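Beneath this line is the structure, given in structure tokens, with notes to follow.
This structure is a prediction, so every number in the text was calculated from the model and none was measured.
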Amino acid sequence: MIKKTNNLMDKIVSLCKRRGFIFPGSEIYGGLTGFWDYGPLGVEFKRNIKNEWWKSVVQDRDDVVGCDAAIIMNPEVWKASGHVDSLTDPLVECKTCHIRIRADQGDDIKDHEAGHAKKKEKVSWTEPKKFNLLTEVFLGATEPKQKAYLRGEITQGVIVNFSNTVSSSRVKIPFGIAQIGKAFRNEITPGNFTFRSREFEQMELEYFIQPDEKEGESVFKYWKEERLRWYVSLGIRREHLRFHEHTPAERAHYARFAEDIEYDSPFGWKEFEGIHHRGDWDLSRHKVSYKDPDTGKEYTPWIIETSGGVDRAALFFLIDAYSEDGDRMVLRLNPKLAPYKAAVFPLLANKPELVKSARKIYEDLRKHLMVAWDDRGNIGKRYYSQDEIGTPYCITVDFESLEGNDVTVRDRDTAKQERVKIAELREYIVKRVYGEQ
Ligand code: ATP
């Protein structure tokens, strides 16, 4: 394991760029602050995170269904939800150099003051002002164009579809609606790589319950633990996670109470995911209620929400998986999250019989799994290259394979090799990656 310093962040950023996980957005035009693009490996990795989340929150459960709402909604939604007034961060301006930063980010303030102190300059700040984070867009061909917003959180798309979901499916309270999608915030100070971006993806569950204090508490506790368990099940070390209970000052305008799951990152303990008790805030603001089909009782349900960032999850999974073994760099990602589940090599690229057999294995496997092909350089270099991107298994076709119909499978974490029959290879890899099906 390596020590978590900012040096580690430099290594992660450089690995992401070099191997095609994450690139600076619009880089050939000098980039755009707060925007990032996912490359060939990043898109697979991120999709695996989202698939695992969907599996655990929707597919494996009886009580949760999905939703995929439009990013741009009627602007009335954002007025009713309170975001036009309250999706704000406190902004202060340095009176010496006029840089604007978030007043509630103590580290940023201290760093800035230290910079001036080095130059023997005194710093004073303007009074904090509320800065709204919603991103405005303008629609239509006639002037004045209609003002709308890119959604600042994905929750509202679920809330406005509550009644449609109840009437079109068999859900009954308690039940949840899950959604994954992009959100946009005009963050004052984006930074720490993808941690704070202006465009990012969220994965959220809105879980609807009867308005009842006791039930609210127990459902909140259940989801809090369930979400922590999910991160641990996919490889984040438990000691790198903790809960942080929001103080009233930290709480969002809609939350009755809230806790964050935080990660011990190279830049401090940081929020991964928020678990919020939203009470009846949302549905009552949109004047939506629920009629119990069994009792006929009508009421405004309460919501317990779990709201995680896909990009933050990707970043923290990468940081937690990064390790160095001598000069070998190994990304010990959970195999379910790894961009490629296996890589296939012919021992020698200039032996057509080896290439032909390896190619056949590769083509058979890729019908079922994301698999890489590599016939460059020597085997050692190919292992090194796959370790760096987290590929859990490397399969080599050698001369013995032609006789014995078997291959060498090398394990990323132990570097141990075993012979596996070609006929059993797919089942072997699937079991090792996903466990017993
Ligand atoms: P922060 O305090 O870090 O600004 P927040 O409390 O405003 O975050 P929420 O509104 O609770 O965040 O959003 C839920 C989740 O969405 C966060 O836990 C995080 O994973 C993700 N998220 C929020 N803002 C950003 C952002 N600017 N960039 C990347 N992910 C974000």
Side-chain angles (χ1 to χ4, degrees), residues 11-23 37-48 318 321-434:
K11 289 179 180 177
I12 297 281
V13 173
S14 135
L15 175 73
C16 284
K17 170 105 192 276
R18 189 162 42 80
R19 298 306 308 270
F21 279 92
I22 304 172
F23 308 128
D37 297 339
Y38 287 77
L41 295 188
V43 68
E44 299 301 334
F45 176 49
K46 205 165 144 185
R47 181 179 303 131
N48 293 339
L318 283 174
Y322 185 93
S323 70
E324 289 172 359
D325 185 357
D327 59 0
R328 195 167 74 102
M329 193 187 277
V330 190
L331 213 46
R332 295 183 196 277
L333 289 173
N334 181 299
K336 289 178 187 160
L337 301 184
Y340 293 120
K341 309 306 176 203
V344 183
F345 318 142
L347 179 66
L348 299 169
N350 58 0
K351 296 287 174 202
E353 61 278 33
L354 296 185
V355 174
K356 191 170 164 216
S357 168
R359 201 69 213 168
K360 169 133 190 9
I361 291 173
Y362 166 66
E363 278 160 19
D364 286 346
L365 281 180
R366 78 176 181 193
K367 289 184 194 138
H368 308 278
L369 298 161
M370 279 304 293
V371 184
W373 168 262
D374 197 354
D375 57 5
R376 298 160 308 166
N378 62 38
I379 287 286
K381 279 199 182 132
R382 293 180 208 160
Y383 284 157
Y384 184 93
S385 163
Q386 295 299 327
D387 285 345
E388 219 182 39
I389 60 171
T391 309
Y393 302 104
C394 288
I395 298 163
T396 305
V397 175
D398 53 22
F399 290 106
E400 282 169 46
S401 307
L402 304 178
E403 304 281 307
N405 286 320
D406 56 6
V407 289
T408 298
V409 179
R410 178 221 181 233
D411 182 298
R412 174 196 71 199
D413 297 334
T414 60
K416 286 211 177 104
Q417 305 190 358
E418 60 178 303
R419 295 297 285 187
V420 177
K421 288 281 172 211
I422 294 174
E424 292 159 13
L425 191 58
R426 172 165 52 110
E427 206 190 326
Y428 173 92
I429 300 287
V430 169
K431 256 194 203 153
R432 298 287 294 267
V433 172
Y434 295 104

ask   = CD of Glu427: more than 12 outside heavy atoms within 6.0 angstrom?
value =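 For Glu427, atom CD is not crowded (no more than 12 foreign heavy atoms under 6.0 Å).
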*Would you say Arg376 has more than 12 foreign heavy atoms packed within less than 6.0 Å of its CZ?*
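It does not: Arg376 CZ has 12 such atoms or fewer within range.
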Self-check item: Short side-chain to backbone donor-acceptor contact, Arg412 and Leu333, under 3.5 Å
Solution: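 Between the backbone of Leu333 and the side chain of Arg412 there is a qualifying donor-acceptor contact (under 3.5 Å).
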The single option from Asp406, Val409, Val407 passing side chain to side chain contact (heavy atoms under 4.5 Å, CB included) against Arg419:
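Among Asp406, Val409, Val407, the one meeting side chain to side chain contact (heavy atoms under 4.5 Å, CB included) with Arg419 is Asp406.
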Sequence neighbours excluded, which residues qualify as side-chain contact (heavy atoms from CB on, under 4.5 Å) partners of Asp364?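 Lys360, Lys367.
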Query raised in the report: Ion pair present between Arg410 and Asp387, side-chain N to carboxylate O less than 4.0 angstrom?
Result: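 Between Asp387 and Arg410 there is a salt bridge, with a charged N closer than 4.0 Å to a carboxylate O.
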inquiry  = Given Glu388, which partner from the list Arg328, Lys381, Arg332, Arg18 fulfils the salt bridge (Lys or Arg N to Asp or Glu O under 4.0 Å) test?
reply    =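 Running salt bridge (Lys or Arg N to Asp or Glu O under 4.0 Å) over Arg328, Lys381, Arg332, Arg18 with Glu388 returns exactly one hit, Arg18.
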Parallel, tilted or perpendicular for Trp373 and Tyr362, by the 30°/60° rule?
->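 Because their plane-to-plane angle lies in the 30° to 60° range, the rings of Trp373 and Tyr362 count as tilted.
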> Can you find a heavy atom in the side chain of Val433 that is under 4.5 Å from one in the side chain of Tyr393?
Replying inline: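 The answer is yes, as the side chains (C-beta and beyond) meet within the 4.5 Å cut-off.
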**Q.** Pairwise side-chain contact, Ile395 with Leu365, heavy-atom cut-off 4.5 Å (strictly under)
**A.**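 Touching, per the 4.5 Å side-chain cut-off.
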Let me check something: any side-chain donor-acceptor pairs from residues 337-357 under 3.5 Å, sequence neighbours excluded? List them with distances.
from   : atom 1 : to     : atom 2 : distance (Å)
Lys341 : NZ     : Pro335 : O      : 2.9
Lys341 : NZ     : Lys336 : O      : 2.9
Lys341 : NZ     : Ala338 : O      : 2.7

* Tyr383 vs Ile379, side chain to side chain contact (heavy atoms under 4.5 Å, CB included): CA-CA, chis, key distance, verdict -> CA-CA 6 Å; Tyr383 284 157; Ile379 287 286; 3.4 Å; yes
